[in-house]
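The block underneath contains the structure these notes are about, expressed in structure tokens.
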Amino acid sequence: VMSELMGSSEFRTCLGELGGSSELFVAAAYRLLLLRSADAREFTDGVSQLDQGSITRRQLVDQIVAGDAFRQKHRNGLGGARGAWYPQVE
């Protein structure tokens with residue numbers, strides 16, 4: 001569901017209004033999905049993979065959602081994340 005949301009034209013339009021760069025997408029994806037900033041390696045790897053075309057934005061989201069960090073963060077559901085679904089660009 002999350003990958004479909006972030007892959008939607010509405011989400012892409014929202015990011016497009018902010019520039020839509022790979023850097024912005026990676027930052028927003030981690031902020032939205034893990035409620036934190038990407039660490040240096042996550043950020044660099046995500047941007048590099050997107051810019052090289054070796055991964056799509058949807059695949060990046062799928063990887064984050066499939067990871068241990070997402071499962072640990074949201075093991076009790078998403079209800080506790082009230083208000084945290086709005087990205088903060090740092």
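One is the number of the first residue; the rest follow in order along the sequence.
Rounding to the nearest 0.5 Å gives a distance of 12.0 Å between CZ of R31 and CG of L24. The line from OH of Y30 to CD of E42 is 4.0 Å long, rounded to the nearest 0.5 Å. The CD atom of Q59 sits 9.5 Å away from atom CG of L50, with the distance rounded to the nearest 0.5 Å.
Residues that satisfy the salt bridge (Lys or Arg N to Asp or Glu O under 4.0 Å) test with D39, not counting sequence neighbours, are absent from this structure. The side chain to side chain donor-acceptor pair (under 3.5 Å) search around Q49 returns none, not counting sequence neighbours.
For the pair I64 and A29, the tightest heavy-atom approach, listed with the atom from each and the gap, is CD1-CB, 4.0 Å. The minimum heavy-atom distance linking D51 with S22 is given by the pair OD1-OG, 2.6 Å.
With T44 contributing its side chain and A40 its backbone, the two residues share a donor-acceptor pair below 3.5 Å. Not one N or O on the side chain of Q63 forms a donor-acceptor pair closer than 3.5 Å with the backbone of L60.
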For F70 and L35: C-alpha separation, side-chain torsions, deciding distance, then whether side-chain contact (heavy atoms from CB on, under 4.5 Å) applies.
CA-CA 9 Å; F70 184 85; L35 311 176; over 6 Å; no
Begin with the C-alpha distance, continue with both residues' side-chain angles, and end with the deciding distance and a verdict on side-chain contact (heavy atoms from CB on, under 4.5 Å) for R57 and V61.
CA-CA 6 Å; R57 289 178 176 203; V61 170; 5.8 Å; no
